[in-house]
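What you are looking at is a predicted structure, and each value in this text was computed from that prediction instead of being measured. When a residue number appears, it is its place in the shown sequence, counting from 1. Values below: all heavy atoms of this structure, side chains included; hydrogens, waters and symmetry mates excluded.
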Amino acid sequence: MIGKLLGFSKNLFATQLNRAETPYKLFFVLTKKCQSRCQNCKIWREVPENELSFEEIVRFSERNRYFRWINLSGGEITLRDDLDPIIETLVRNSPRLLFLNFAVNGIDPPRAIYSIETAARLRVPFFVVTVSIDGPEKTNDALRGIKGDFSSAVETLRAVRKIPGVKAYAGMTLYKKNHELVEETFREIQARIPDFKPWELHLNLAHSSGHYYGNSDHVQNDQKILADAFSSWVNRRGIRLSPFALLERRFQAEALKFIETARTPVPCSALKSSVYLSEKGDVYPCTIWGKKLGNIRESDYDLRPVLRAEATRETRSLIEAGKCPQCWTPCEAYPSLLDRGIVF
């Protein structure tokens with residue numbers, strides 16, 4: 001692991017000097033299948049089609065072996081019957097891999113737990129799983145559109161916390177209907193998991209994205225109430241001296257600036273440190289900007305021709321100039337903070 005950490009540090013340094021030839025983080029949407037019915041995310045309304053096959057994912061992983069951080073996403077990734085061999089293939093063909101993370105909705109605890117246990121046996125140095133919980137039981141089930149969702153998610157979270165080699169968290173995205181319920185959400189989770197700690201509940205901001213969430217009609221939160229909720233929880237969580245906790249705290253502190261200004265508070269590293277790959281092989285800068293840059297099926301599953309294209313370089317220049325949709329999501333914010341050494 002020490003060698004991988006040193007390699008990651010070299011990657012960060014090269015990125016800071018604009019000398020990195022490839023991004024170190026891959027955000028990979030495996031499927032748009034989802035059994036949730038969330039009010040604020042419309043992925044579940046899409047009809048999954050033409051998604052990358054297992055054989056195509058194998059080919060992609062063989063052609064792109066340089067990733068140090070892989071973030072898998074959906075939809076609900078556990079709905080892919082071939083999820084376990086997909087994860088094994090990606091890990092096996094990524095010899096420099098240091099971080100692996102993904103979120104699950106927890107609706108099917110046995111399936112999620114089995115896949116997470118299977119992935120944990122691959123011994124990625126840092127393996128993080130987030131279980132989505134968007135409020136206390138009544139609010140969560142209404143927002144996520146499934147009766148019993150809260151109970152299933154908490155059951156999943158309880159089990160995942162016990163799996164060796166996994167860092168497990170609850171992830172709460174703040175919307176107009178739940179951003180005053182953070183403390184109540186924590187209390188209800190803790191009532192069922194007595195040793196659940198405040199720092200295990202991660203807060204995220206809701207965003208609009210046509211190509212990812214399919215929710216371009218998303219209604220924004222009340223700015224002051226949202227800022228108060230974030231500020232209160234930052235103080236409530238306290239300070240923990242671990243890399244993950246410090247990075248999370250910095251993310252939340254910068255989120256307050258984003259809430260106030262609606263501008264990305266730290267220069268974004270999309271297309272320099274990270275890249276988005278869709279379930280159909282389409283390449284985008286990030287989760288928010290729906291500017292399609294190419295498709296790996298047209299480049300023999302090699303990302304590098306797409307990354308080196310003139311259109312990609314021009315898009316990266318626009319991002320550096322701040323001429324992109326402004327956002328503050330963990331997917332892009334964490335690499336942006338790390339690239340600039342902004343953790344403390």
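Inspection of the E155 and S152 side chains reveals no N or O donor paired with an N or O acceptor under 3.5 Å. E332 and S269 form no side-chain donor-acceptor contact under 3.5 Å, judged by distance and modelled atom types alone. A donor-acceptor pair shorter than 3.5 Å cannot be found between the side chains of N215 and S208. A donor-acceptor pair shorter than 3.5 Å cannot be found between the side chains of E279 and T31. With no hydrogens or angles considered, a side-chain donor-acceptor pair links R187 and Q190 at under 3.5 Å. A donor and an acceptor atom, one from each side chain of N105 and D149, are nowhere located under 3.5 Å apart. Between the side chains of Y212 and S73, a donor-acceptor pair is found at a separation under 3.5 Å.
Under the 4.0 Å criterion applied to side-chain N and carboxylate O atoms, K147 and D141 are not assigned as salt-bridge partners. R161 has a carboxylate O that lies under 4.0 Å from a charged side-chain N of D195, or vice versa, which qualifies the two as a salt bridge. Residues E183 and R236 are paired through a salt bridge, judged by an N-O separation under 4.0 Å between the basic side chain and the carboxylate. Note on R316 versus E320: salt bridge recorded, some NZ/NE/NH1/NH2 to OD/OE distance being below 4.0 Å. Using a cut-off of 4.0 Å between Lys/Arg side-chain N and Asp/Glu carboxylate O, K280 and D282 are scored as not salt-bridged. Between K197 and E200 there is no salt bridge, since none of the side-chain N atoms of the basic residue sits less than 4.0 Å from a carboxylate O of the acidic one.
Pairs of residues two or more places apart, or lying in two chains, that qualify as salt bridge (Lys or Arg N to Asp or Glu O under 4.0 Å) and include a residue from residues 101-120 are D84-R111.
Side-chain N or O atoms of K42 include none that pairs as donor or acceptor with a backbone N or O of R37 at under 3.5 Å. Between the E180 side chain and the K176 main chain, no donor and acceptor come within less than 3.5 Å of each other. No donor-acceptor pair closer than 3.5 Å links the side chain of Q252 to the backbone N or O of S231. A donor-acceptor pair is defined here as one N or O able to donate and one able to accept, closer than 3.5 Å; such a pair exists between the side chain of S209 and the backbone of T287.
Looking at heavy atoms from C-beta onward, V124 lies out of side-chain contact with F126 at the 4.5 angstrom threshold. At least one side-chain heavy atom of I189 sits under 4.5 Å from a side-chain heavy atom of F150. The shortest distance between side-chain heavy atoms of V182 and L174 falls below 4.5 Å. Using a 4.5 Å heavy-atom threshold, the side chains of L181 and P136 count as touching. Between K33 and R80 the shortest side-chain heavy-atom distance does not fall below 4.5 Å. Between L271 and P23, the closest side-chain pair of non-hydrogen atoms is not below 4.5 Å. For the pair V104 and S132, the minimum side-chain heavy-atom distance is 4.5 Å or more. Side-chain contact check for V275 versus Y284: every heavy-atom pair is 4.5 Å or farther apart.
Annotation for F54: atom CZ counts as buried by contact number, over 12 foreign heavy atoms lying within 6.0 Å.
Here CG of L26 is found 7.0 Å from CG of L303. Values are rounded to the nearest 0.5 Å. Separation of atoms CZ (F27) and SG (C286) is listed at 10.0 Å; rounding is to 0.5 Å. To the nearest 0.5 angstrom, E62 atom CD is 12.0 Å from I57 atom CD1. Rounding to the nearest 0.5 Å places SG of C268 at 12.5 Å from CG of L318. One distance of note links CG of N178 with OG1 of T139; it measures 7.5 Å at 0.5 Å rounding. Rounding to the nearest 0.5 Å places CD of E46 at 7.0 Å from CD1 of I43.
Residues satisfying the ring pair (Phe, Tyr, Trp, His ring centres under 6.0 Å) test with W44, not counting sequence neighbours, are none. The salt bridge (charged side-chain N to carboxylate O under 4.0 Å, His left out) test applied to K257 returns E254, not counting sequence neighbours. For D300, the side chain to side chain contact (heavy atoms under 4.5 Å, CB included) partners are R59, R63, not counting sequence neighbours. Looking at residues two or more places apart in sequence or on another chain, you find no salt bridge (charged side-chain N to carboxylate O under 4.0 Å, His left out) involving K138.
Under the 4.5 Å side-chain contact rule for hydrophobic residues, L30 and L79 do not share a cluster. Clustering ILVMFWY residues whenever any of their side-chain heavy atoms sit less than 4.5 angstrom apart, transitively, puts F28 in a cluster other than the one holding I288. Y114 and L72 are members of different hydrophobic clusters when ILVMFWY side chains are connected at heavy-atom separations under 4.5 Å. By the criterion of side-chain heavy atoms lying less than 4.5 angstrom apart, applied directly or through intervening Ile, Leu, Val, Met, Phe, Trp or Tyr residues, V234 is not grouped with V266; the two fall into different hydrophobic clusters. Hydrophobic clustering of Ile, Leu, Val, Met, Phe, Trp and Tyr side chains at less than 4.5 Å, counting indirect connections, keeps V29 apart from V128.
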Are T130 and N101 close enough, and set up right, to give a side chain to side chain contact (heavy atoms under 4.5 Å, CB included), and what steps lead you there? CA-CA 8 Å; T130 302; N101 71 291; over 6 Å; no
So L205 and T329, side chain to side chain contact (heavy atoms under 4.5 Å, CB included) or not? Walk me through it. CA-CA 7 Å; L205 299 173; T329 74; over 6 Å; no
Using side chain to side chain contact (heavy atoms under 4.5 Å, CB included), reason through T118 and R121 one step at a time and then give a plain yes or no. CA-CA 5 Å; T118 302; R121 288 195 285 271; 3.5 Å; yes
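The hydrophobic cluster containing I146 also includes I107, under a criterion of side-chain heavy atoms closer than 4.5 Å among ILVMFWY residues, counted directly or through chains of members.
Between R144 and S36 the shortest heavy-atom distance is NH2-OG, 3.7 Å. In plain terms, the two heavy atoms of L203 and A229 that are nearest each other are CD1-O, 4.5 Å. Looking at every heavy atom in both residues, I319 comes nearest to A270 through CD1-O, 3.8 Å. For the pair S115 and L83, the tightest heavy-atom approach, listed with the atom from each and the gap, is OG-CD2, 3.8 Å. Nearest approach of I163 to I113, heavy atoms of both residues: CD1-O, 4.2 Å. Nearest approach of A168 to L157, heavy atoms of both residues: CB-CD1, 4.3 Å.
The aromatic rings of Y169 and W199 sit perpendicular, their planes meeting at an angle over 60°, well past the 30° parallel limit. Using a 30° and 60° split on the angle between ring planes, F251 and Y334 fall in the perpendicular class, above 60°. Using a 30° and 60° split on the angle between ring planes, F99 and W69 fall in the tilted class, from 30° to 60°.
For an aromatic pair to be called close, the ring centres must be under 6.0 Å apart, and Y276 with W289 fails this. In this structure, the ring of F102 has its center less than 6.0 angstrom from the ring center of F127. Taking the ring centroids of Y213 and H207, they lie at or beyond the 6.0 Å cut-off.
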